[in-house]
Chemist: 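Structure in structure tokens, see below.
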Amino acid sequence: MIKLNEIKRAFLVSAWFIFLTFPIMVIRINPVEHIVEWRWKNMALVGIGSFFLSFVWNYLMKQKEPGFKKTETAEKTDTIPPLPPARRIQREKRIYIPALVAIGTLTIVFPFIFSMYQTNIMVSALIYIMLGLGLNIVVGLAGLLDLGYVAFYAVGAYAYALLNYHFGISFWMALPIGGVLGAVFGILLGFPVLRLRGDYLAIVTLGFGEIIHIILQNWNEFSFGPSGIANIPRPSLFGIDLSVHSSTIYIYYIMIGLCIVTIFVVNRLQNSRIGRAWVALREDELACQAMGIDKAKTKLTAFALGATLASMAGVVFAAKTTFVNPASFTIWESIIILCIVVMGGMGSIIGVIAGALVLILTPEYLRAFSEYRMLAFGTMLVVMMIFRPGGFIPDVRRIYKFEGVKSMDKS
Amino acid sequence: MECALKVQNLSMDFGGLRALDDLDLDVGRNEIVALIGPNGAGKTTFFNCITGIYPPTEGDVLISARGKDRLERINGIKPNKVTEKGLARTFQNIRLFPNMTVLENVMIGRHCRMHAGILGAVLRGPSTTREEKEAVKDSYAILEKIGLAQFVNEFAKNLSYGAQRRLEIARAMATEPFLLLLDEPAAGMNPNETRELDELIKQIRDKEGISILLIEHDMKLVMSMSDRIFVVDYGRKIAQGTPNEIRNNPVVIKAYLGEEADA
Ligand SMILES: Nc1ncnc2c1ncn2[C@@H]1O[C@H](COP(=O)(O)OP(=O)(O)OP(=O)(O)O)[C@@H](O)[C@H]1O
Ligand SMILES: [Mg+2]
């Protein structure tokens, strides 16, 4: 039932929106002919639109509330609350294994059934998956809000570009070198911020990201400034240079391989002594130290690992585009990666993968609406934070279940 | 008596405020010692100085781990190093890891006694697997001792207040301390829980051979279990002695009751 006061409220909302948007949506001054246009039709559209959106909003908010109450009562009556869907799928072997096989097959045949354009987009998405998983270690697990993450991505890309330019180093050599350089930079930038937390850390890391960007932009002798470095070779297969088409496919498989390794490493780390220390650090820094965890070491490993992954992704990026310039490494990039982690689900590997796919693929396929991309992006963020604050797929970190001493010995 | 902890002339300044003033204190092996005093006396600050959270302005903190006869100076070293050396603590305002399970909380306590590094964790060789299994088993054994085994897979934030306080003790025990520092362990507990706690602390001392230094406002608990009591007020030690001596000490009564004592 629609109540009267709901109509009244929706009406007020639409009146407010009409008022707010009046100057930009209704009045148009034509400076050439010195006339003022009154676009009353727009006003009507804004009014009707916001009236209906207000209804939808109210409806969604109401949907949210009972669900909230349900979980609360579940806790009180001591029954086991229903598992989140992602968990349930993981538990159910019958769904899990065929799903994995299907996804696996699709990933393998992807470049052969889809066009090169699609494959290229997919490679971008895979690069962002890797970046997201790396930042997830820093932000999602260790709880260190890093807004300058793109700096490490740039380190990798420029490492390959410059090493190749000056010394002719190949992609396969640059990949590990980039990883090590990333780790070094992670530790170098990590040291000064060891004492910082939360917003202070965010601001300082933001500054670091900008410093790297500005250096690349202005230090012409070193980085060739805004014009960047071109003609970076694509990876070669056993010394054979590939055509553009086959090298795209090749990079696709390289990226799939890197993502699988990354997932494996992050998953193993998450369920280990190191991963537990990261999570504990996120939960309570002081208690963590008092329990004998070396805060500095734990933070630096998180920074270094995250940076290594970003840097290796950067090497692939340089090889993929064959051209790097500072414009690819702006603060905006850091924010997208952070959005991937936050929207996907902090601390959750599947969540980050889902986040990267949604955030990178949707804009590509919605090019037609590209003018409204930012608007859609913002709206999605706000709506997500209200209705799914834990992200698409909230943290499904394997928690240490104790199943009795006997079953422990058996396994 | 053999000494586990010896604190000499400890002072701590916060800007112009002298929170601790020339404090001496010692805890013997297998002893339960209480540190009492009115609110704001500097008790928690004293713990923070010993455990490396604040570097003391003046004075020495000396410890002697089990089996060592020499005292070792530990002031100025980092909190995690202090814990590694065998001092573990709980916090006055509970500081658990709320979104980790009870078992995981205790496993964090095992962290400094484990060795797996990044490479070990990624490769997960036999020694890492064994270490992880042992950590789970040891942590569970501690939970059984403390009486929290039934909550093993609960999130720490879902435990009752009393259970959370006990979990803090369990977590501290997991670091294999020789001296346990408890900051108001009975705060917020009902009489029943307090009685159990009394029992538990005595057991930790008797069965595990762990010395205990505790801050507590519950006088009944303090009097029943302490071997010795230190009383501080305004950062200064005003009395020390056995529970009986403290009970009848006019200076202590005055500090606690203020003007009423004169009447
Ligand atoms: N970090 C700090 N900075 C400045 N002053 C502090 C700090 N920590 C404690 N103090 C001050 O030191 C004094 C002692 O505080 P402390 O917390 O040690 O008291 P306490 O004996 O533990 O009291 P309570 O029984 O209420 O826990 C107080 O005056 C307090 O305001
Ligand atoms: Mg206190």
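Protein chains get the first letters and strands the later ones, always in sequence-line order, with residue 1 at the start of each. We use all heavy atoms of the structure for the numbers below, so side chains are in, but hydrogens, waters and symmetry mates are not.
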Chemist: Which one, B:Ile118, B:Thr128, B:Leu123, B:Thr51, leads in non-hydrogen pairs under 4.5 Å with chain A?
Modeler: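 Between B:Ile118, B:Thr128, B:Leu123, B:Thr51, the count favours B:Ile118.
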Chemist: Highest number of heavy-atom pairs under 4.5 Å with chain B: which of A:Ile293, A:Ile274, A:Leu305?
Modeler: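 Between A:Ile293, A:Ile274, A:Leu305, the count favours A:Ile293.
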Chemist: Check the pair B:Arg29, B:Ser64 against side-chain hydrogen bond (donor to acceptor under 3.5 Å, both in side chains), reporting the backbone distance first and the verdict last.
Modeler: CA-CA 9 Å; B:Arg29 185 109 30 237; B:Ser64 130; 3.1 Å; yes
Chemist: Looking at chain A, which one of B:His111, B:Glu84, B:Glu168 has the largest number of heavy-atom pairs inside 4.5 Å, strictly under?
Modeler: B:His111
Chemist: Between chain A and each of B:Gly109, B:Pro98, B:Ala88, count heavy-atom pairs under 4.5 Å; write down the option with the most.
Modeler: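 Counting heavy-atom pairs under 4.5 Å, the top option is B:Pro98.
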Chemist: Is there a donor-acceptor pair closer than 3.5 Å between any side-chain N or O of A:Thr298 and the backbone N or O of A:Trp278?
Modeler: no
Chemist: Looking at A:Glu285 and A:Lys299, is any side-chain nitrogen of the basic one under 4.0 Å from a carboxylate oxygen of the acidic one?
Modeler: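 Looking at A:Lys299 and A:Glu285, the cut-off is met.
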Chemist: Are the side chains of B:Phe46 and B:Leu10 in touch, meaning some heavy atoms are under 4.5 Å apart?
Modeler: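 Yes. Closest side-chain heavy atoms under 4.5 Å.
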Chemist: Name the region of B:Thr175, side chain, backbone, both or neither, that has any atom closer than 4.5 Å to a heavy atom of chain A.
Modeler: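 Only the side chain of B:Thr175 comes within 4.5 Å of chain A.
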Chemist: Relative to chain A, which segment of B:Ile53 carries a heavy atom at a distance below 4.5 Å: side chain, backbone, both, or neither?
Modeler: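 Just its side chain gets close to chain A.
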Chemist: Exactly one of B:Val152, B:Asn105, B:Leu103, B:Ile108 should register a side-chain contact (heavy atoms from CB on, under 4.5 Å) with B:Ser139. Which one does?
Modeler: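 The residue from B:Val152, B:Asn105, B:Leu103, B:Ile108 that satisfies side-chain contact (heavy atoms from CB on, under 4.5 Å) with B:Ser139 turns out to be B:Leu103.
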